[in-house]
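Just so you know, ligand 1 is whichever comes first in the structure, and atom 1 is the first atom listed for that ligand.
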Amino acid sequence: MIVLGIDTSCDDTSLAVLKDRREILSNVVSSQVPLHRLFGGVVPEIASRKHVELVDVVYREAMEQAGLSLSDVDVVAVTQGPGLIGSVLVGLCFAKGLSQASQKPLIGVNHIEAHALSIFLDQEIDFPFLALIVSGGHSVILLFTEPARFSMIGTTRDDAVGEAFDKIAKYLGLGYPGGKVIEDGAKSGRGDSVSFPRPMIDEKNYDFSFSGLKTAFINYVKKNGISDSNRSDILASFQEAACDILAFKTLKAAKDLGIRRIVLGGGVASNGRLREVFFERAETEGISVHVPPSKLCTDNGAMVAVTGHFYASLNRFSPLDIKGYSRMSWKAC
Ligand SMILES: Nc1ncnc2c1ncn2[C@@H]1O[C@H](COP(=O)(O)OP(=O)(O)OP(=O)(O)O)[C@@H](O)[C@H]1O
Ligand SMILES: [Mg+2]
């Protein structure tokens with residue numbers, strides 16, 4: 001089965017061609033980061049206009065790299081939400097056009113489910129599993145019981161963890177996006193030098209809160225200052241607190257629910273320290289941790305294509321009049 005996957009949910013225009021779940025024939029990502037960097041974050045209006053300019057170019061590039069034409073595609077899968085609505089609609093309209101022109105079925109995909117299923121592009125794992133999706137807009141724990149069936153069991157009450165990385169980097173004038181810059185800045189630092197709070201860690205639920213951690217960081221810097229001599233220690237301590245909270249809550253959920261597999265996904269899952277903390281702690285609990293390569297953690301069309309593949313295998317196609325959504329409900333699918 002050949003699936004074309006389209007993602008324009010935020011600031012990356014990405015189209016991929018996938019053959020039979022694991023064979024990525026192309027996965028073209030056109031990033032708008034340099035454009036949004038000028039503003040210290042994604043500007044929705046600029047993002048959607050840029051998608052309009054790029055979507056056709058990226059589609060042609062993806063088809064050319066795959067060595068295929070539209071008539072070879074069996075299914076068109078596209079992000080339906082959640083995301084910036086103007087951005088989502090560009091990909092969705094483009095996908096509907098391709099579907100109608102080629103008479104190939106359409107599948108509307110949940111972008112966060114796609115982040116979770118991106119692991120299948122790299123390795124086969126058994127259901128059930130927990131997926132921790134940590135990105136610029138989400139910090140959520142999903143329980144997948146079988147293909148195309150999941151429920152949300154924990155989420156952030158305020159900022160997403162990627163957002164906290166981005167806001168802290170912006171505050172320090174380190175640029176956008178902040179995750180990688182902070183990880184690099186923290187490399188030579190000690191994660192136990194500043195004791196930042198771990199909000200909600202003792203609460204009897206699987207929810208997160210990262211806005212308090214961000215504020216504690218900013219207050220600490222205001223009070224104590226930040227310079228070349230303490231920068232790496234402060235950044236490492238922030239990163240350690242974020243990783244500690246994510247690992248503690250996800251492992252608690254896995255133990256409570258008797259789940260033996262954890263998948264990490266979303267842009268923050270490319271953080272090396274987060275991976276290390278999960279691997280170390282999960283091993284002692286006899287739980288396996290599965291993380292896709294970094295380029296499949298951030299937004300890409302291949303993760304949408306693999307999700308489309310699962311739904312197509314279950315004959316779950318979408319009508320041509322599906323809508324785009326900025327938010328999507330987490331009720332069990
Ligand atoms: N090495 C890293 N360490 C920590 N965070 C990182 C790292 N690399 C990227 N990130 C963060 O990942 C986020 C981008 O991830 P992604 O592309 O999945 O998010 P998004 O698509 O904008 O949001 P969503 O998927 O919720 O719609 C940014 O917040 C960025 O700072
Ligand atoms: Mg994303």
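Of the heavy atoms in Val268, both backbone and side-chain atoms come closer than 4.0 Å to ligand 1. Heavy atoms from both the backbone and the side chain of His138 come within less than 4.0 Å of ligand 1.
Ionic pairing of Glu276 and Arg273 is present here: one or more N-O contacts between side-chain nitrogen and carboxylate oxygen are shorter than 4.0 angstrom. In summary, Glu45 and Arg49 engage in a salt bridge, as defined by a charged side-chain N under 4.0 Å from a carboxylate O. No salt bridge links Asp11 with Arg37; every basic N to acidic carboxylate O contact stays at or beyond 4.0 Å.
Tally of protein N, O or S atoms closer to the Mg ion (ligand 2) than 2.8 Å: 3.
Residue contacts with ligand 1: Ser9 is excluded, as none of its non-hydrogen atoms falls under 4.0 Å. Ligand 1 lies less than 4.0 angstrom from a heavy atom belonging to Cys10.
For His115, a nitrogen or oxygen atom sits less than 3.5 Å from a nitrogen or oxygen atom of ligand 1, counting backbone and side chain alike. Looking at Pro82 next to ligand 1, no N or O pair under 3.5 Å apart turns up. Remark: ligand 1 and Gly136 share an N or O pair separated by less than 3.5 Å (distance only, no angle test). Residue Ile112 has no N or O atom closer than 3.5 Å to an N or O atom of ligand 1. Considering backbone and side-chain atoms together, Pro177 places no N or O closer than 3.5 Å to any N or O of ligand 1. At least one N or O atom of Ser135, backbone or side chain, sits closer than 3.5 Å to an N or O atom of ligand 1.
For Ile85, the side chain to side chain contact (heavy atoms under 4.5 Å, CB included) partners at least two apart in sequence or on another chain are Leu89, Ser326.
A heavy-atom distance below 4.5 Å is found between the side chains of Lys214 and Ile168.
Taking both residues in full, the closest heavy atoms of Pro105 and Ser99 are given as C-OG, 4.1 Å, listed atom of the first, atom of the second, then distance. Summarising the geometry of Asn300 relative to Ala302, their closest heavy-atom pair is OD1-N, 3.1 Å, with the distance given to 0.1 Å.
Protein heavy atom nearest atom 15 (O) of ligand 1, with residue, atom name and distance: Gly267 CA, 3.2 Å. For atom 28 (C) of ligand 1, the closest non-hydrogen atom on the protein side is Asp166 OD2, 3.5 Å.
Relative ring orientation between Phe94 and Tyr59 is described as perpendicular, the plane-to-plane angle rising above 60° on a 0-90° scale split at 30° and 60°.
Between Phe238 and Phe196, the distance separating the two ring centers is not shorter than 6.0 angstrom.
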